[in-house]
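In what follows, a single structure is set out as structure tokens and then discussed.
Heavy-atom basis, side chains included; hydrogens, waters and symmetry copies ignored. Atoms within a ligand are numbered from 1 in the order they appear, just like the ligands themselves.
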Amino acid sequence: MRASFYDRQGPAEEVLETGELPAPTPAPGEVRVRMKFSGINPGDVKKRAGSEGSLMPFPRVIPHSDGSGVIDAVGVGGDPSRIGHRVWVYGAQSYRAFGTAAELCVVPDQLAVDLPDEISDELGACLGIPGITAHRAVFADGPVTGTTLLVHGVLGGVGSLAAQLARWAGATVIGTVRTSADLAEVPDTIADHLVALDSDNPAGEIRALAPNGVDRIIEVAFSENIDLDNQVARNGTVIAAYATRVERPSVPFWPLLFNNVIIRLLGSDDFPVEAKAQAARDLTKAAEEGAITIPVGQILPLEEIVEAHEQVAHGARGRVLLRLS
Ligand SMILES: NC(=O)c1ccc[n+]([C@@H]2O[C@H](COP(=O)([O-])OP(=O)(O)OC[C@H]3O[C@@H](n4cnc5c(N)ncnc54)[C@H](OP(=O)(O)O)[C@@H]3O)[C@@H](O)[C@H]2O)c1
């Protein structure tokens, strides 16, 4: 099979190769997916680059955890009726060596989720890492119906899905973008209200929309936004953070404490298995109901994986996918 892989970490153009590798065989409890699209996330790029402390976990890695395709084989004892089903895949390269940047990818049965007809292969390939992270950020602390969430960075992969999932579940969403120039870029369906963080008084604007403070905050830039977050939190607000600019942020400790703020840090590789499975079910349902849209930027052939990684590394707007077949 054709696959892209790396045997050491480093710059994309130096370590990523594309060539023929042996076709994998599914073990008991696994399925094999003939991939249509491989979805690329910032985390895949960081793993390949060796940034944020990530190490080479296996002698050879086929990158990317997300994708979509059709099941073409099941392991011994598996359910043969799954063969031929369209699926979306998550977690393929989480604690596993061989991800979705290949014509064939083997994953545990439950990581290949049936795709209803209403969901395109492209959308399916974009649901995994950002969707599951967004789902836990929104729901880990209970239902959000009737609450008000502040979701930072709603043009981003995770932020956009967090906002859409929260609205799907009946929350009011105040979304932020970094610059006022980006306000017009946010589709109407993403958030109920938008605030640009470069405005004169973003905290005042958020407080005007949520006079008693927001119930939850979904945070992509903990070190940059923690003061603002504290200013708009009510007593007991949960700040669910999945990224930070500065590794060792300074925080307004006493103001956060007097607000009884709860800080939830999210590492998607190690979410509880059942939380991921629930996220997969909810993401599929929300997408099937038309409540999720994800703009796709570039779709590149496997051979252009280096260019695809560069685009993701430079913060491409719109998801970057590889086409496998
Ligand atoms: N912890 C986990 O399990 C987990 C899971 C998924 C992703 N992540 C990490 O989370 C980060 C974002 O991932 P992604 O896939 O959503 O990336 P993405 O699609 O590039 O989106 C990032 C978004 O955050 C916005 N942003 C940046 N700084 C901001 C700030 N100070 N305030 C508000 N918004 C800000 C960006 O806006 P601009 O375009 O204006 O810069 C962009 O819209 C990456 O570092 C990724 O590695 C972590």
Any side-chain donor paired with an acceptor under 3.5 Å for Ser94 and Ser65?
->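 Absent: no donor and acceptor within the cut-off.
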Verify whether one side chain among His309 and His64 offers a donor that lies under 3.5 Å from an acceptor in the other.
->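 Yes, side-chain donor-acceptor contact under 3.5 Å.
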Starting from [atom], locate the nearest protein heavy atom and write down its residue, its atom name and how far away it is, to 0.1 Å.
atom                    : result
atom 42 (C) of ligand 1 : Gly156 CA, 4.0 Å
atom 38 (P) of ligand 1 : Arg178 NE, 3.5 Å
atom 5 (C) of ligand 1  : Thr133 OG1, 3.2 Å
atom 17 (O) of ligand 1 : Pro42 CG, 3.7 Å

Any non-hydrogen protein atom below 4.0 Å of atom 20 (O) of ligand 1?
->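 Within 4.0 Å of atom 20 (O) of ligand 1, no protein heavy atoms are found.
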Is the closest protein non-hydrogen atom to atom 11 (C) of ligand 1 under 4.0 Å?
->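 Flag for atom 11 (C) of ligand 1 set to true, protein heavy atom closer than 4.0 Å.
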Considering distance alone, does some N or O of [X] sit under 3.5 Å from an N or O of ligand 1?
X      : result
Ser268 : yes
Gly267 : no
Ala243 : no
Val158 : yes
Thr176 : no

Ligand-side contact atoms (ligand 1) for residue partner Ala221, heavy atom cut-off under 4.0 Å = 29 (C), 30 (C), 31 (N)
Provide the number and element of each atom of ligand 1 under 4.0 Å from a heavy atom of Leu266.
-> 1 (N), 2 (C), 3 (O)
So do Ile217 and Val232 actually touch side chain to side chain, heavy atoms under 4.5 Å?
->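 Heavy-atom side-chain distance check passes, below 4.5 Å.
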Under 4.0 angstrom from ligand 1, any heavy atom of [X]?
X      : result
Asn41  : no
Pro130 : no
Arg245 : yes
Arg317 : yes

With sequence neighbours excluded, residues passing side chain to side chain donor-acceptor pair (under 3.5 Å) with Ser4 | Thr18
Contacts of Glu122 that satisfy side chain to side chain donor-acceptor pair (under 3.5 Å) - sequence neighbours left out =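 None.
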Answer with side chain, backbone, both or neither: which part of Asn225 has a heavy atom less than 4.0 angstrom from an atom of ligand 1?
-> side chain
Classify the contact between Ile129 and ligand 1 as side chain, backbone, both or neither, using a heavy-atom distance cut-off of under 4.0 Å.
-> side chain
Asp182 side chain vs Thr179 backbone, donor-acceptor pair below 3.5 Å |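 Judged by distance alone, no pair lies under 3.5 Å.
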Which of the listed options, [options], holds the heavy atom that is closest to [atom]?
atom                    : options                        : answer
atom 18 (P) of ligand 1 : Gly297, Gly157, Pro202, Ser223 : Gly157
atom 31 (N) of ligand 1 : Lys46, Glu52, Glu224           : Glu224
atom 25 (C) of ligand 1 : Ala137, Gly153, Ala196         : Gly153
atom 48 (C) of ligand 1 : Tyr242, Phe222, Phe271         : Tyr242
atom 33 (C) of ligand 1 : Leu155, Leu197, Val177         : Leu197

Mark yes when over 12 heavy atoms from residues, nucleotides or ligands other than Asp270 sit less than 6.0 Å from its CG; otherwise mark no.
-> yes
Measure from NZ or CZ of Arg48 to the centre of the six-membered ring of Tyr6, then state whether that distance is under 6.0 Å and the direction lies within 45° of the axis.
->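 Geometry flag: not set, cation outside 6.0 Å or 45°.
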